[in-house]
Amino acid sequence: MNLFRLAGDMTHLLSIIVLLLKIRTTKSCSGISLKTQELYVIVFLTRYLDIFTRYVSLYNTIMKLVFIGTSIGIVWYMKYHKVVKQTYNKNEDTFRHYILVLPCFVLALLFHHDFTIMEVKSYSSSLQLLRSSMFPVIHNCHAAPFDYVLWTFSLYLEAVAILPQLVLLQRSRNIDNLTGNYVFLLGAYRALYVVNWIYRYFLEDHRVRWIRESRKLRIY
């Protein structure tokens, strides 16, 4: 793992901490899109289905559990906490997020292995290094093909999951600092991942997904 990947993961984690800090300390989710948070739950659940069947590293496992747990926790706060749920801007958070799910899934079914770039698992002593690309295929791995469809689906969905949040921010006149910091950190996380894939493209012996990462960054 290089420094850019680690910085990207930590920035992503920090964005979640900032969001949870806002909700817990202010007892408010004003300015936060529940639609975006629900999409992130789908993203992490479909991406990390292999958490109990494939071990990469302790760091990898912990981060998967953290992202799944925190995303579900945020949605729970916004929907069921007796105080927080009353501050949710339901009338402004009207983006029809469900229309994003089906196109992303169809794209994942059609374009998850039809390219020559491959995702290959290689092993070095105690660490598994993932060789990545724009689209994954089944090659020297133990996962079922449908796992890779879901994994690709999660990447497509993550690229557009921020849209309900951006629409809500445009409609809201009062944006607090914590909400603004949360969105900024999400963008910084994607930017660091772009640098990570460019770094790996030039310095590691495999091809990478930098085109897809750059598409995600353009949304921010």
Side-chain angles (χ1 to χ4, degrees), residues 6-49 51 61-105 150 153-194 213 215-220:
L6 180 61
D9 286 346
M10 293 302 103
T11 303
H12 192 188
L13 183 60
L14 182 59
S15 71
I16 295 174
I17 292 174
V18 167
L19 181 55
L20 285 172
L21 181 65
K22 167 189 167 62
I23 294 175
R24 286 184 60 86
T25 58
T26 66
K27 294 294 187 293
S28 170
C29 62
S30 177
I32 302 300
S33 170
L34 176 61
K35 308 292 183 63
T36 284
Q37 300 308 317
E38 288 175 340
L39 291 177
Y40 278 133
V41 170
I42 298 174
V43 166
F44 294 132
L45 287 177
T46 53
R47 181 176 301 172
Y48 300 140
L49 281 176
I51 189 170
T61 300
I62 291 175
M63 294 301 286
K64 287 179 179 180
L65 289 172
V66 167
F67 288 135
I68 292 174
T70 53
S71 62
I72 294 175
I74 290 169
V75 170
W76 180 87
Y77 262 108
M78 296 182 68
K79 295 186 71 172
Y80 302 111
H81 191 280
K82 61 181 180 180
V83 177
V84 175
K85 69 178 182 180
Q86 296 177 9
T87 64
Y88 170 52
N89 306 108
K90 185 176 181 179
N91 294 332
E92 295 180 344
D93 191 20
T94 57
F95 189 97
R96 298 179 180 178
H97 61 321
Y98 55 84
I99 67 174
L100 300 174
V101 176
L102 183 58
C104 291
F105 186 72
L150 292 178
F153 162 72
S154 76
L155 296 176
Y156 289 139
L157 188 60
E158 186 182 15
V160 296
I162 194 66
L163 290 178
Q165 179 65 62
L166 296 180
V167 171
L168 177 58
L169 290 180
Q170 288 180 340
R171 293 176 177 174
S172 301
R173 296 183 179 180
N174 297 320
I175 303 174
D176 60 77
N177 290 333
L178 288 176
T179 301
N181 290 339
Y182 165 68
V183 176
F184 171 79
L185 288 169
L186 281 180
Y189 142 65
R190 296 313 328 168
L192 286 167
Y193 256 66
V194 171
E213 296 296 329
R215 287 174 180 171
K216 292 180 184 178
L217 181 63
R218 289 195 200 107
I219 296 177
Y220 291 92

Verify side-chain contact (heavy atoms from CB on, under 4.5 Å) between Phe153 and Val43, making sure each step is shown before the conclusion. CA-CA 8 Å; Phe153 162 72; Val43 166; over 6 Å; no

Kindly indicate, with the supporting measurements, whether the criterion side-chain contact (heavy atoms from CB on, under 4.5 Å) is fulfilled by Ile17 and Thr70. CA-CA 9 Å; Ile17 292 174; Thr70 53; over 6 Å; no

Kindly indicate, with the supporting measurements, whether the criterion side-chain contact (heavy atoms from CB on, under 4.5 Å) is fulfilled by Leu186 and Gln165. CA-CA 11 Å; Leu186 281 180; Gln165 179 65 62; over 6 Å; no

Walk me through whether Leu39 and Val101 qualify under side-chain contact (heavy atoms from CB on, under 4.5 Å). CA-CA 8 Å; Leu39 291 177; Val101 176; 4.0 Å; yes

Contacts table for residues 75-85: side-chain donor-acceptor under 3.5 angstrom, sequence neighbours left out:
| unit_1 | atom_1 | unit_2 | atom_2 | d |
| --- | --- | --- | --- | --- |
| Tyr77 | OH | Arg24 | NH1 | 2.6 |
| His81 | ND1 | Val83 | N | 3.1 |
| His81 | ND1 | Val84 | N | 3.2 |

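A distance-only check finds no donor-acceptor pair linking the side chain of Glu92 to the backbone of Gln170 [under 3.5 Å]. When atom types are taken as modelled, the side chain of Thr11 and the backbone of Leu185 share no donor-acceptor pair closer than 3.5 angstrom.
Atoms CD1 and CG, on Ile74 and Leu34 in that order, are 10.5 Å from each other to the nearest 0.5 Å. Between Ser154 atom OG and Ile42 atom CD1 the span is 11.0 Å, to the nearest 0.5 Å. Between Leu157 atom CG and Leu100 atom CG the span is 7.0 Å, to the nearest 0.5 Å. Here the CD1-CZ distance, from Ile51 to Phe67, works out to 11.5 Å after rounding to the nearest 0.5 Å. In this structure, OG1 on Thr36 lies 7.5 Å from CG on Leu163, to the nearest 0.5 angstrom. Here OG of Ser30 is found 5.5 Å from NZ of Lys22. Values are rounded to the nearest 0.5 Å.
In terms of heavy-atom proximity, Lys35 sits nearest to Phe95 at NZ-O, 3.1 Å. Closest of all the heavy-atom pairs between Ser15 and Tyr182 is O-CD1, 3.1 Å. Here the shortest heavy-atom pairing between Val160 and Cys104 reads CG2-SG, 4.0 Å.
Under the rule for a side-chain hydrogen bond (donor to acceptor under 3.5 Å, both in side chains), the partners of Ser33 that lie at least two apart in sequence or sit in another chain are Asp93. Residues that satisfy the ring-ring contact (aromatic ring centres under 6.0 Å, His included) test with Tyr88, not counting sequence neighbours, are absent from this structure.
Tyr193 has its ring centre no less than 6.0 Å from the ring centre of His12.
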